[in-house]
Amino acid sequence: MASLRDVQNQIVGVKKTKQITKAMNMVASAKLRNAQNRIERFRPYADKFYEMLGDLAAGADESVHPLLEVRDEVKTVGIMVTTSDRGLCGAFNVNIITKAMKLAQEKAKEGKAVKMYCIGKKARDAFRKTDFEIVRAQADAMGSFDFTLAASVGNELIAGYIAGELDEVHVVFGEFVSIAKQIPVDLTILPMAATEPGEAASGGSGDYLYEPSVEGLLAELLPRFIKVQVYRGLLDTSASEHAARMAAMDNATRACDDMTKSLTLLYNKTRQAAITADLMDIVGGAEALKG
Amino acid sequence: MANTLKLEIVTPDRKVLSENVEYVGAPGILGEFGILPSHVPFLSALGIGNLHYKQEGKAYYVFISGGFAEVSNNKVTILAEVAEKATEIDIERAKKARERAEARASQAKEKIDAARNQAALRRAIARMSCQTSGKSAGTC
């Protein structure tokens with residue numbers, strides 16, 4: 001049986017762990033609020049963007065811009081994976097990586113070359129162990145990023161697509177559905193036709209004056225649209241990460257409570273057993289003296 | 001006829017402003033254009049430069065870099081990659097960026113760098129002129 005001292009040490013240890021997990025929970029919730037705000041602020045921009053593109057793309061076909069071109073034969077697939085830099089957030093990163101890994105293996109089975117773009121330390125570490133070619137690996141980016149990161153990754157993807165080095169581009173990220181729910185999502189961003197937001201809803205594009213021209217505007221809009229989608233992936237992943245960590249730390253804190261409870265019970269039992277044993281000794285001794 | 005129009009400037013990171021104004025002048029990619037209330041629907045790409053708008057007779061300035069302007073239903077929406085109000089511009093940073101860009105330009109390197117450098121220089125100059133114009137209009 002464990003000695004009193006041992007049990008006491010364990011209780012102290014568990015309580016300290018609880019303090020840490022509780023603090024991490026609070027930090028994660030503060031960061032989540034920030035990340036959620038950023039999504040909120042980004043939404044009007046993104047919404048407006050979809051609207052504009054919908055209007056414009058209604059009359060356009062693939063010949064207008066290289067990014068709209070659908071290739072008959074897909075030889076190389078680019079996959080951009082976004083995960084967090086740090087762990088301790090439950091199965092969040094694992095889920096995203098599994099999703100990306102499956103996609104990559106599927107494409108490889110079909111005889112296509114796969115190129116990986118890893119944003120976030122966890123994605124980088126996971127894909128380093130595989131044979132897939134990693135074109136870009138960026139760790140320690142998720143802590144503080146802004147549109148410039150999305151722009152630089154987006155530019156790389158666009159340049160690859162136009163140069164013919166990539167024939168299809170996917171983005172895998174953790175979609176932030178709610179605080180309790182984050183799901184890994186695989187989004188095909190190139191070729192564009194696959195992701196265009198339906199037909200133009202309003203159909204009122206005919207009345208617009210365009211400057212410079214529809215083609216010229218599309219040439220400006222389409223690359224930016226890629227960046228917008230990449231940015232959305234980054235934002236969602238970051239919010240999801242914090243939400244996942246919050247949940248994980250909440251569980252850990254609760255587990256600590258349970259452990260302290262059962263350890264305290266054990267401690268009291270051990271203490272009582274020791275007292276009983278001592279009493280037995282004294283009584284036994286007294287009986288012996290009476291002789 | 002309405003005598004004001006709604007101006008909204010949004011960037012990926014925030015909503016910069018949303019006001020009722022009397023006139024908007026924006027740096028289009030083919031040159032500056034002006035928009036008055038009841039303008040016909042219009043869509044344009046934007047370059048680097050200063051957007052200005054008039055509200056109650058005063059002129060306000062906003063630095064813009066890249067993006068689009070959409071005009072419809074008496075509403076101007078600016079989707080910019082970067083947008084800073086004249087009051088928010090960090091003039092020291094712009095000055096330094098300008099010096100850096102000028103120093104690099106004199107070294108004359110590869111062509112890609114030169115294009116990027118020129119864009120940086122244009123941004124720095126536009127930021128500085130934006131604040132200067134804002135100050136002279138008394139709104140900064």
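These numbers were taken from a predicted model, which means no experiment stands behind them. So that the names make sense, note that chain A is the first sequence line, chain B the second, and so on, each numbered from 1.
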With a 4.5 angstrom heavy-atom cut-off, which part of A/Ile39 approaches chain B: side chain, backbone, both or neither? neither
Does a sphere of radius 6.0 Å around CZ in A/Arg86 hold more than 12 heavy atoms from other residues, nucleotides or ligands, not counting ones at 6.0 Å or beyond? no
Taking every non-hydrogen atom, the tightest pair across A/Pro44 and B/Val10: CB-CG1, 4.4 Å
Quick check on the interface: out of A/Arg43, A/Glu220, A/Arg38, who has the most heavy-atom pairs with chain B under 4.5 Å? A/Glu220
Please report the shortest heavy-atom distance between A/Leu217 and B/Leu43, naming the atom on each side. CD1-O, 3.8 Å
Identify the heavy atoms of B/Ala80 and A/Tyr45 that sit nearest to each other, and give their distance. O-CE1, 3.6 Å
Could you check whether atom CD of B/Gln118 has more than 12 heavy atoms from other residues, nucleotides or ligands sitting under 6.0 Å from it? no
For A/Arg224 and B/Phe68, work out which heavy atoms get closest and say how close. NH1-CE1, 3.8 Å
Measuring heavy-atom distances to chain A, does B/Val82 have an atom under 4.5 Å in its side chain, in its backbone, in both, or in neither? neither
Roughly how far apart are B/Asp13 CG and A/Tyr231 OH, rounded to 0.5 Å? 3.5 Å
Evaluate the criterion side chain to side chain contact (heavy atoms under 4.5 Å, CB included) for residue pair A/Lys48 and B/Glu8; output intermediate values, then yes/no. CA-CA 11 Å; A/Lys48 205 71 214 167; B/Glu8 235 180 56; 5.8 Å; no
